[in-house]
Amino acid sequence: RANLEHFGYGVKGFTLSMIETAIQMTDGAIPSNALAEIIGWGREMMAHPVTLVDGVTEVLDALDGRYRLALITKGDLFHQESKVAESGLGDRFESVEVLSEKDERSYQRVLDRLGVEADEFVMVGNSVRSDIEPVVAIGGHGLHVPHDITWALETATEGFEPDARWATLASIREVPSHLESLTRAGRSPG
């Protein structure tokens with residue numbers, strides 16, 4: 001957490017933090033081969049294959065042509081772009097946005113660039129803190145799809161409870177029907 005403002009999100013920042021911790025824990029006496037091993041762990045994490053969430057391809061098929069789709073992620077630009085390319089899903093999106101931080105200002109810049117009003121925007125993601133809270137704060141909608149592995153930093157802040165602007169779904173497969181219900185209720189997600 002302390003290094004996020006310096007190194008940002010992602011494997012590279014995590015690797016640098018591991019090296020810094022190893023140096024601190026050994027009072028600077030860590031052997032270079034141990035540092036090389038930590039760097040190797042970072043390389044392994046960078047090379048880890050992309051695994052799609054079960055159902056994501058079918059959901060994108062169902063949404064194709066009915067909604068404008070943008071992929072919004074955060075982290076290291078090189079690594080995120082590599083993961084999008086490896087996923088094979090990049091061409092399914094009108095826009096792929098890699099942000100250094102997912103906050104209200106960043107989401108608003110993306111919406112302005114895409115020409116989308118906040119109340120027409122629905123963010124789908126596994127992080128309440130990064131995917132849902134800032135979007136709801138600017139007037140958008142959020143669909144939280146929990147994942148088995150979610151960093152503790154990405155959980156909701158105290159007092160942020162589900163309301164009419166966001167919901168938690170059991171599966172990504174519920175996204176198309178939930179978007180339809182928003183449309184029927186007079187909220188027109190784009």
Side-chain angles (χ1 to χ4, degrees), residues 9 49-75 77 80-190:
Y9 295 91
V50 170
T51 304
L52 297 178
V53 170
D54 185 44
V56 75
T57 304
E58 295 83 359
V59 168
L60 290 173
D61 288 343
L63 301 179
D64 187 37
R66 297 173 66 203
Y67 301 97
R68 293 174 65 192
L69 302 176
L71 174 64
I72 303 173
T73 187
K74 72 178 175 184
L77 179 64
Q80 293 299 324
E81 286 181 340
S82 296
K83 290 191 319 186
V84 170
E86 185 184 339
S87 76
L89 300 178
D91 292 340
R92 292 173 172 256
F93 299 96
E94 174 183 328
S95 178
V96 175
E97 305 283 339
V98 181
L99 308 175
S100 57
E101 184 63 71
K102 286 179 167 179
D103 56 18
E104 295 170 32
R105 199 171 3 173
S106 298
Y107 278 110
Q108 191 61 60
R109 278 196 305 267
V110 170
L111 295 181
D112 291 347
R113 203 170 28 253
L114 296 174
V116 174
E117 295 297 322
D119 65 345
E120 296 176 340
F121 177 67
V122 179
M123 181 65 182
V124 177
N126 71 309
S127 168
V128 173
R129 183 182 296 269
S130 295
D131 297 322
I132 308 303
E133 286 185 25
V135 169
V136 169
I138 63 170
H141 303 272
L143 296 178
H144 175 231
V145 182
H147 190 273
D148 294 340
I149 303 170
T150 300
W151 187 20
L153 188 63
E154 295 297 341
T155 58
T157 56
E158 191 173 313
F160 189 75
E161 299 295 329
D163 65 22
R165 298 206 71 83
W166 75 282
T168 295
L169 307 180
S171 163
I172 195 154
R173 294 178 191 279
E174 295 179 19
V175 168
S177 62
H178 200 83
L179 289 176
E180 283 297 320
S181 68
L182 284 174
T183 302
R184 283 191 305 274
R187 303 178 204 137
S188 55

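Pairs passing the side-chain hydrogen bond (donor to acceptor under 3.5 Å, both in side chains) check and including a residue from residues 83-93, sequence neighbours excluded, read D61-R92.
The structure places NE2 of H178 at 11.0 Å from CH2 of W166, a figure rounded to the nearest 0.5 Å. The line from CG of L71 to CD of Q80 is 8.5 Å long, rounded to the nearest 0.5 Å. Put simply, NZ on K74 and NZ on K102 are 6.5 Å apart, with the number rounded to the nearest 0.5 Å. With rounding to the nearest 0.5 Å, the separation of CD in E58 from CG in L52 is 9.5 Å. For the atom pair CD of E120 and CG of L182, the computed distance is 12.5 Å after rounding to the nearest 0.5 Å. Atom-to-atom distance recorded for D64:CG and F93:CZ is 10.0 Å, nearest 0.5 angstrom.
Side-chain atoms of H144 come within 3.5 Å of backbone atoms of N126 as a donor-acceptor pair (strictly under, hydrogens ignored). Distance alone, capped at 3.5 Å, places no donor-acceptor pair between the R68 side chain and the E94 backbone. The backbone N or O of S127 sits nowhere less than 3.5 Å from a side-chain atom of S130 that would complete a donor-acceptor pair. Proximity of a side-chain donor or acceptor of T73 to a complementary backbone N or O of V98 within less than 3.5 Å is not detected.
Nearest approach of P134 to Y107, heavy atoms of both residues: CG-CE1, 3.6 Å. Contact between I172 and V53 at its shortest, heavy atoms only, is CG2-CG1, 4.1 Å. Nearest heavy atoms, G90 versus V84: CA-CG1, 3.7 Å.
Residues satisfying the side chain to side chain contact (heavy atoms under 4.5 Å, CB included) criterion with V110, sequence neighbours excluded, are I72, E97, L99, R113, L114.
A heavy-atom distance below 4.5 Å is not found between the side chains of S171 and V145. The side-chain heavy atoms of L179 and V175, taken from C-beta on, include a pair separated by under 4.5 Å. Inter-residue side-chain proximity for D131 and V124 is flagged as unmet; no heavy-atom pair is nearer than 4.5 Å. In this structure, the side chains of D54 and R173 come closer than 4.5 Å at one or more pairs of heavy atoms.
Around the CD atom of E117, the shell of radius 6.0 Å holds no more than 12 heavy atoms that belong to other residues, nucleotides or ligands.
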